[in-house]
Participant: 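Following this message is one structure expressed as structure tokens.
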2 protein chains.
Amino acid sequence: MADVFQILAVPSRRHLLEALRDGERSVGDLVHRTRLSQPSVSKQLRILRDSGVVALRAAGRQHLYSIRGRSLREASEWLSYYERFWQEGLSRMDEALRREPRSRPRRNG
Amino acid sequence: MADVFQILAVPSRRHLLEALRDGERSVGDLVHRTRLSQPSVSKQLRILRDSGVVALRAAGRQHLYSIRGRSLREASEWLSYYERFWQEGLSRMDEALRREPRSRPRRNG
DNA sequence: CCATTACATACCTAAATGGACATATATCCC
DNA sequence: GGGATATATGTCCATTTAGGTATGTAATGG
């Protein structure tokens with residue numbers, strides 16, 4: 001069960017997850033949406049499943065995969081600590097001041 | 001300029017970014033906060049810089065690194081497409097229905 | 001039962017890369 | 001200048017792994 005960022009690091013796996021955004025898809029369906037061979041798709045789906053990012057449901061001969069939010073949430077939460085670095089227009093100067101709250105900014109730098 | 005998820009896939013790099021959460025840090029400072037050698041820290045900082053995740057500011061002999069939000073934002077935005085998978089209690093059944101909005105749920109499946 | 005369809009697994013290989021050590025470069029201080 | 005400090009780069013290596021091909025397995029239909 002590798003960490004979620006390592007899972008997301010591979011473009012093919014992200015493409016698979018993008019194809020799953022609007023619901024369950026079969027393996028063959030996913031193969032058509034990528035440039036990967038069927039075994040490669042199955043392999044990446046296996047990795048996604050082992051890491052808890054997708055779930056599998058059997059339906060006859062078909063295997064239907066779907067997104068499981070829980071693991072992706074970890075990544076999102078990690079990134080949330082950095083939101084302030086783009087939400088406010090934080091410059092490095094602002095940061096420097098933030099680290100030394102005792103010294104007030106001087107009029108002339 | 002590798003993609004941001006590949007950058008974040010390496011734990012050492014995430015540790016460096018965590019150490020930069022509350023502002024600029026020098027290289028030596030970051031070395032003390034990791035178990036990496038100084039050259040390894042410099043190497044990873046170089047990668048982070050090339051990918052636009054951190055910025056460098058020289059201050060005498062010291063090189064001060066800081067977070068640049070822009071690149072991380074891309075990752076956060078990608079993940080935002082999956083928020084609904086954990087924000088609502090979405091089951092696979094819900095998803096199936098979402099994919100076929102024309103057919104109403106039948107009383108007996 | 002047999003062919004077909006749908007998917008998974010085994011195995012292999014080429015490529016990428018994280019981290020270490022040695023060394024180069026730059027700045028500071030005496 | 002010269003030594004010390006701070007950081008960067010060069011080089012090497014062991015490890016990981018994405019993707020392909022070949023093959024195995026399970027479900028469906030006649």
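Chain letters run A, B, ... following the sequence lines, proteins first and then strands; every chain starts at 1.
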Participant: Let me know the distance between CD1 of A:Ile47 and P of D:dT16, rounded to the nearest Å.
Facilitator: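 Going from CD1 in A:Ile47 over to P in D:dT16 covers 14 Å.
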Participant: Using a cut-off of less than 4.0 Å, is there contact between a side-chain N or O of A:Tyr65 and OP1 or OP2 of C:dA8?
Facilitator: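 Yes, within the criterion.
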Participant: Which of the following nucleotides, D:dA8, C:dG19, D:dG19, is nearest to the side chain of B:Val27?
Facilitator: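 Closest nucleotide among those given: D:dA8.
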Participant: Between C1' on D:dT17 and CG on A:Leu48, what's the gap in Å once rounded to a whole number?
Facilitator: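 Distance check: A:Leu48 CG to D:dT17 C1' gives 14 Å.
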Participant: Within the 4.0 Å heavy-atom criterion, would you say B:Leu30 contacts the bases, only the backbone, or no part of the nucleic acid?
Facilitator: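 Counting heavy atoms under 4.0 Å across all strands, no contact is made by B:Leu30.
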Participant: Going by distance alone, is a donor N or O of one side chain under 3.5 Å from an acceptor N or O of the other, for B:Gln44 and B:Ser40?
Facilitator: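 On atom types as modelled, these side chains do not qualify, holding no pair under 3.5 Å.
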Participant: Which whole-number value in Å describes the distance from B:Gln62 CD to C:dT25 C1'?
Facilitator: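 The distance from CD of B:Gln62 to C1' of C:dT25 comes to 17 Å, rounded to the nearest Å.
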Participant: To the nearest angstrom, how far is B:Leu36 atom CG from D:dA8 atom C1'?
Facilitator: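 So the two atoms are 15 Å apart, to the nearest Å.
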Participant: Do B:Tyr81 and A:Val10 belong together in a cluster built from hydrophobic side chains that touch within less than 4.5 Å?
Facilitator: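 B:Tyr81 does not cluster with A:Val10.
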Participant: Of the nucleotides D:dA8, D:dG19, C:dG18, which one has an atom closest to the side chain of B:Val10?
Facilitator: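 Selected nucleotide (nearest to the side chain): C:dG18.
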Participant: Any side-chain heavy atom of B:Asp50 within less than 4.5 Å of one from B:Arg46?
Facilitator: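 Result yes, sub-4.5 Å side-chain heavy-atom pair found.
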Participant: Between the base of D:dA8 and the side chain of B:Gln38, is there any donor-acceptor pair under 3.5 Å?
Facilitator: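 Donor-acceptor pair under 3.5 Å: yes.
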Participant: Tell me whether the side-chain N or O atoms of B:Arg61 pair up with the base of D:dT7 as donor and acceptor below 3.5 Å, since no angle test is needed here.
Facilitator: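 Such a pair does not exist between side chain and base.
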Participant: Could one point to a donor on the side chain of A:Lys43 or the base of D:dA18 with an acceptor on the other under 3.5 Å away?
Facilitator: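 Donor-acceptor pair under 3.5 Å: yes.
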Participant: Take atom CG of A:Leu8 and atom P of D:dA18, then tell me their distance rounded to the nearest Å.
Facilitator: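 For the pair A:Leu8 CG and D:dA18 P, the rounded distance is 12 Å.
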Participant: Which nucleotide, C:dG19, D:dA6, D:dG20, lies nearest any side-chain atom of A:Ser40?
Facilitator: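 Taking heavy atoms from C-beta onward, the closest nucleotide is D:dG20.
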Participant: Using a heavy-atom cut-off of under 4.0 Å over every strand shown, decide if A:Leu45 touches base, sugar-phosphate, or nothing.
Facilitator: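 No contact.
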Participant: To the side chain of A:Pro39, which of C:dC21, C:dC7, D:dA22 is closest?
Facilitator: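 That would be D:dA22.
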Participant: Would you say a side-chain N or O of B:His63 is under 4.0 Å from OP1 or OP2 of D:dA6?
Facilitator: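 No, no such contact exists.
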Participant: Give the nucleotide from the list D:dG20, D:dT7, C:dC7 with an atom nearest to the side chain of B:Ser42.
Facilitator: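 Nearest listed nucleotide: D:dT7.
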Participant: So, A:Arg21 and B:Tyr82: side-chain donor and acceptor under 3.5 Å apart, yes or no?
Facilitator: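 The criterion, which ignores hydrogens and geometry beyond distance, is satisfied for B:Tyr82 and A:Arg21.
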Participant: Where the side chain of B:Gln6 is concerned, which of D:dA8, D:dT9, C:dA16 is the nearest nucleotide?
Facilitator: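 The closest nucleotide is C:dA16.
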Participant: Could you please spell out the steps behind the side chain to side chain contact (heavy atoms under 4.5 Å, CB included) verdict for A:Leu8 and A:Val4?
Facilitator: CA-CA 6 Å; A:Leu8 298 176; A:Val4 65; 4.2 Å; yes
Participant: Need one value for B:Arg13: base, sugar-phosphate or nothing, where a base atom within 4.0 Å counts as base even if backbone is also close, heavy atoms only.
Facilitator: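 The residue B:Arg13 makes sugar-phosphate contact but no base contact.
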Participant: Tell me the interatomic distance from B:Arg57, atom CZ, to D:dA6, atom P, rounded to whole angstroms.
Facilitator: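 About 17 Å, once rounded to whole Å.
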Participant: Hey, which sits more toward the 5' end of DNA chain D by its nearest nucleotide, B:Val41 or A:Gly60?
Facilitator: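 Going by which nucleotide is closer to the 5' end, it is B:Val41.
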Participant: Nearest to the side chain of B:Gln44, heavy atoms from C-beta on, is which of C:dG19, D:dA18, D:dT9?
Facilitator: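 For the B:Gln44 side chain, the nearest candidate turns out to be C:dG19.
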Participant: Distance check needed: D:dT17 C1' versus A:Ile7 CD1, whole Å only.
Facilitator: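 Taking CD1 of A:Ile7 and C1' of D:dT17, I get 12 Å after rounding.
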Participant: For residues A:Trp78 and B:Glu18, determine if any side-chain heavy atom of one lies less than 4.5 Å from a side-chain heavy atom of the other.
Facilitator: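 In short, these two side chains touch, coming nearer than 4.5 Å.
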Participant: Within less than 4.0 Å of OP1 or OP2 of C:dG19, is there a side-chain N or O belonging to B:Ser12?
Facilitator: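 True: B:Ser12 side-chain N/O within range (under 4.0 Å) of C:dG19 OP1/OP2.
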Participant: Round to a whole Å and report the spacing from CG of B:Leu64 to P of C:dT27.
Facilitator: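 The answer, rounded to whole Å, is 14 Å.
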Participant: From C:dG19, D:dG20, D:dT9, pick the nucleotide closest to the side chain of B:Arg46?
Facilitator: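 Of all the options, the side chain of B:Arg46 is nearest to D:dT9.
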